[in-house]
Amino acid sequence: MEFVHRVRDHYNDHPDCSGGYRFEPSGAEKILEGMLSEHAGKITVLRDRQLSGVTKSGNRVTSVIVNDGETFTGRVFIDATYEGDLAAMAGAAFTTRREAKAEQNEPLAGKVYKAWGSAPHEIGDGSTGAGDDTIQAFNYRLCLTDVPGNRVAIPCPPGYRAEYASLVDDIRLNRVAGKYTREQEFDGIGRLVNIVRLPNGKTDSNNQHLAFLSTDLPEENYPWPTADWAWRDAFAARLRDYICGLLWFAQNDPALPAEFRAKCSRWGLAKDEYTDNANLPRQVYVREGRRIVGEYLFTAHDALPVTPGGRPPIHRDSITASHYALDSHAHHEREPGKVHLDGFISHPTAPYTVPFGVMVPKGLDNLLTPVPVSGTHIGFSTLRMEPCWMALGHAAGIAAAMAVRSGQPMRATNIAELQNALLDQGAVLIYYRDIAPGDPRFRDVQPRGLRGELPGWEVNSR
């Protein structure tokens with residue numbers, strides 16, 4: 001929330017910043033750099049390094065080695081990478097597979113085809129619920145603009161590929177992968193990217209959920225979680241070329257309607273974003289890498305109400321409250337006759353609690369994994385949102401400091417002490433509709449809620 005409030009203030013609460021939840025990439029970077037600068041001398045940030053190895057003593061990591069041979073020793077380590085590379089090198093067990101429906105009886109688990117926007121129970125032909133060794137698709141979240149003075153043309157990649165031909169009939173026949181109501185944003189380039197408006201005439205342009213062909217590139221990313229950086233860098237280049245090729249095709253290919261091409265051509269990359277990287281994001285949007293086997297396995301059922309209208313299970317060792325749909329992108333490329341791409345799903349949840357054990361790897365004593373957390377594919381699909389990761393990172397920082405002082409293994413963390421420190425710093429451990437940090441009762445209500453004494457959604461209903 002500190003970050004959100006700073007975003008809001010940075011943009012003078014302009015409507016396009018949505019109260020602090022939407023921001024230009026450069027704006028977010030400036031704010032985060034400012035937060036770090038306020039702790040000069042206490043936090044050291046080292047850039048342009050990639051992990052190459054670890055050393056251990058028993059169940060404890062003793063040092064990490066980066067690509068130029070530098071070695072960093074420590075008493076506690078936090079692996080906040082998408083991929084879980086440090087944890088894996090340290091010997092932590094992990095999974096990358098998509099579980100079958102039969103394993104945990106999670107909604108929409110395994111192989112499933114679902115039209116976007118359809119009812120939670122509606123699934124399409126070909127859905128088997130079978131598990132497999134696949135990973136959901138990655139893309140780049142582009143910062144586009146239609147402001148002429150700040151617009152850079154989409155580059156046509158070398159060796160331009162004719163892999164976008166299906167788009168022609170999709171546009172001609174108005175063929176989509178679900179139901180849509182926001183026609184204004186689902187027009188022109190909005191048929192290819194999901195447009196979220198940002199300040200200063202820019203957009204956060206993610207994959208278009210209603211499109212059979214968008215900026216996601218399914219299947220080709222399967223090796224990513226366990227690959228080396230040479231492979232990952234090659235895939236990142238391929239992904240950039242694929243996305244630029246798709247947008248260039250939409251703007252220029254004569255087989256597409258002239259009106260559609262003209263609408264798409266209004267858009268380009270924002271000239272003042274990612275100026276050191278040809279105006280394209282530096283980071284692949286890695287939606288899911290390794291999922292570390294932790295002291296607690298988070299499944300879809302941890303985010304679903306136990307009774308209609310009620311709460312999901314309450315974890316007494318909660319380190320944050322969170323809320324997002326069960327949400328996965330495609331696992332396979334487009335297949336003829338299917339209502340959508342396999343694995344592209346969304347299913348409603350209710351605000352839930354996240355237990356400390358999801359970021360404590362089994363078998364290791366001094367490592368936390370607040371990003372590659374322990375969960376099934378479907379369970380991870382709701383935890384994988386940046387607000388949740390930031391809250392888990394907050395808890396990991398406090399727990400790490402506690403472990404440095406105590407010398408105890410992470411699984412022996414004093415949860416009450418950790419929760420008290422989080423509450424002192426304004427964290428939310430269980431959600432209530434009518435009470436938030438700053439309320440004089442908030443500090444007392446949170447532990448009572450985790451003990452089950454206030455099971456409803458409102459404190460004042462008691």
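One is the number of the first residue; the rest follow in order along the sequence.
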Residues in ring pair (Phe, Tyr, Trp, His ring centres under 6.0 Å) with [X], at least two apart?
X	value
Phe356	none
Trp116	His209, Phe344
Tyr285	none
Phe23	Phe3

**Q.** Candidates Asp272, Leu269, Asp146 - the one meeting side chain to side chain contact (heavy atoms under 4.5 Å, CB included) with Lys202
**A.** Asp272
Tell me whether [X] is salt-bridged to [Y], with the criterion being a basic N under 4.0 Å from an acidic carboxylate O.
X	Y	result
Arg448	Asp444	yes
Asp85	Arg290	yes
Asp170	Arg334	yes
Glu103	Arg97	yes

**Q.** All side chain to side chain contact (heavy atoms under 4.5 Å, CB included) counterparts of Val428, not counting sequence neighbours
**A.** Ala321, Pro437, Phe442, Gln446
Q.
For Thr134 and Asp132, which I'm curious about, is there any donor-acceptor pair between the side chains at under 3.5 Å?
A. yes
Solution key, residues 8-22 side-chain donor-acceptor pairs under 3.5 Å, sequence neighbours excluded:
unit_1: Tyr11; atom_1: OH; unit_2: Glu24; atom_2: N; d: 3.1
unit_1: Tyr11; atom_1: OH; unit_2: Glu24; atom_2: OE1; d: 2.6
unit_1: His14; atom_1: ND1; unit_2: Asp16; atom_2: N; d: 3.0

